[in-house]
Amino acid sequence: MERQFPGGKRLRLVLGDITRIPADAIVNAANSHLCGGGGVDGAIHRAGGPSLMRELDQIRARSGGCPTGGAVATSAGNLPARFVFHAVGPVYRDGGRREADLLAACHRTCLQMAEERDLRVVTFPAISTGVYGYPVAQAAPIALAAARAHLEREDTRVREIVFVLFDQCTFDAFARAL
Ligand code: ADP
């Protein structure tokens with residue numbers, strides 16, 4: 001499923017495993033300690049290999065971690081990409097703790113990091129909707145609005161933003177929101 005934007009830019013939804021889809025940058029749903037976890041983070045580290053964690057160890061030693069709403073970049077090891085952007089989405093509690101702002105912010109941060117590196121294709125998982133508990137029906141329109149706002153910018157060099165959704169239920173929620 002996809003949506004076209006002026007200049008041939010595209011927003012796409014794909015059902016699948018984000019570690020298998022070529023991109024310039026693959027976004028990971030990390031945690032603020034950058035210390036690895038299950039879910040998509042575990043899959044990305046398994047497929048990417050140990051160099052990702054070695055780079056994150058150095059970033060952690062320098063800066064202690066990454067705030068919620070932010071992201072840090074590493075190389076992509078064995079993944080079919082140049083970079084992994086380890087984004088820290090919010091843990092969902094009750095919706096009254098700026099969760100929506102923080103979820104939008106981590107998407108914007110990653111897209112800005114793509115601009116800074118002059119990248120064309122960026123893939124995202126459904127950040128925060130797994131262990132972090134964000135209801136996917138609420139998260140999907142926030143993630144898509146951030147992607148859309150970026151693609152509507154005239155100065156963007158990003159050509160394609162792909163949300164790679166791991167299960168049908170998540171895909172359907174994104175498809176409805178799109
Ligand atoms: P968070 O802690 O941000 O909630 P999770 O990894 O628990 O992160 O879940 C985020 C989303 O990533 C969930 O929809 C989960 O099903 C999905 N996911 C898990 N593995 C993969 C994968 N290999 N590719 C794409 N999405 C994945």
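Just follow the structure's listing: the first ligand is 1, and inside any ligand the first atom is 1.
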- Query: Of the listed options (Phe166, Phe171, Phe174), which comes nearest to atom 21 (C) of ligand 1 when hydrogens are ignored and any heavy atom counts?
  - Reply: Phe166

- Answer yes or no: does an N/O atom from Thr19 fall short of 3.5 Å to an N/O atom of ligand 1? no

- Message: My question is simple, although I want it checked carefully: is atom 15 (C) of ligand 1 less than 4.0 angstrom from any protein heavy atom?
- Response: no

- Message: Gly133 versus ligand 1: do any nitrogen or oxygen atoms come within less than 3.5 Å of each other?
- Response: no

- Considering only the protein, which heavy-atom contact is closest to atom 4 (O) of ligand 1, and what is its distance? Gly130 N, 2.8 Å

- Could you check if a side-chain atom of Leu119 sits within less than 4.5 angstrom of a side-chain atom of Val158, using non-hydrogen atoms only? no

- Decide yes or no for Leu52 and His86: does some side-chain heavy atom of the first lie under 4.5 Å from some side-chain heavy atom of the second? yes

- Task: For atom 7 (O) of ligand 1, find the nearest protein heavy atom and state the residue, atom name and distance (0.1 Å precision).
- Result: Val131 N, 2.9 Å

- Dump the intermediate steps for side chain to side chain contact (heavy atoms under 4.5 Å, CB included) on Asp41 and Asn31, then the final yes or no. CA-CA 9 Å; Asp41 185 272; Asn31 58 57; 5.7 Å; no

- Can you list the atoms of ligand 1 that are under 4.0 Å from a heavy atom of Thr129? 4 (O), 11 (C), 13 (C), 14 (O)

- Query: Does some non-hydrogen atom of Ser128 fall short of 4.0 Å from ligand 1?
  - Reply: yes

- If you measure every N/O of Ala43 against every N/O of ligand 1, is any gap under 3.5 Å? no

- Quick one: which ligand 1 atoms are inside 4.0 Å of a heavy atom on Ala126? 10 (C), 11 (C)

- Task: On the 0 to 90° scale, with breaks at 30° and 60°, tag the Phe163-Phe124 ring pair as parallel, tilted or perpendicular.
- Result: parallel

- Identify, by atom number and element, the atoms of ligand 1 in contact range of Asp17, meaning under 4.0 Å from any of its heavy atoms. 22 (C), 23 (N), 24 (N)

- For atom 24 (N) of ligand 1, find the nearest protein heavy atom and state the residue, atom name and distance (0.1 Å precision). Ile18 N, 2.9 Å

- Tyr134: partners by ring-ring contact (aromatic ring centres under 6.0 Å, His included), with sequence neighbours left out: Tyr92

- What salt bridge (charged side-chain N to carboxylate O under 4.0 Å, His left out) pairs are there with at least one residue in residues 145-156, not counting sequence neighbours? Arg148-Glu152, Arg153-Asp155

- Tell me which part of Asp167 gets within contact of ligand 1: side chain, backbone, both or neither, using heavy atoms under 4.0 Å. side chain

- Query: What distance separates Thr129 OG1 from Leu103 CG, expressed to the nearest 0.5 Å?
  - Reply: 9.0 Å

- Message: Please state which option from Asn28, Asn31, Val40 has its nearest heavy atom closest to atom 20 (N) of ligand 1.
- Response: Val40

- Using a strict 4.0 Å cut-off to heavy atoms of Gly39, name the atoms of ligand 1 that fall inside it. 6 (O), 19 (C), 20 (N)

- Query: Do any nitrogen or oxygen atoms of Ile127 lie less than 3.5 angstrom from nitrogen or oxygen atoms of ligand 1?
  - Reply: no

- Message: I'd like to know if Asp57 pairs up with Arg60 as an ion pair, taking the criterion as any Lys NZ or Arg NE/NH1/NH2 lying under 4.0 Å from an Asp or Glu carboxylate oxygen.
- Response: yes

- Message: What's the separation between atom NE2 in His45 and atom OG1 in Thr74, rounded to the nearest 0.5 Å?
- Response: 7.0 Å

- With heavy atoms under 4.0 Å as the rule, classify the contact between Val164 and ligand 1 as side chain, backbone, both or neither. backbone

- Message: So, regarding Ala29 and ligand 1 (criterion: nitrogen or oxygen to nitrogen or oxygen, under 3.5 Å), is there a contact or not?
- Response: no

- Task: Rounded to the nearest 0.5 Å, what's the gap from SG on Cys110 to CD1 on Ile161? Could you check?
- Result: 10.5 Å

- Message: Between Val72 and Leu56, is there a side-chain heavy-atom distance shorter than 4.5 Å?
- Response: yes

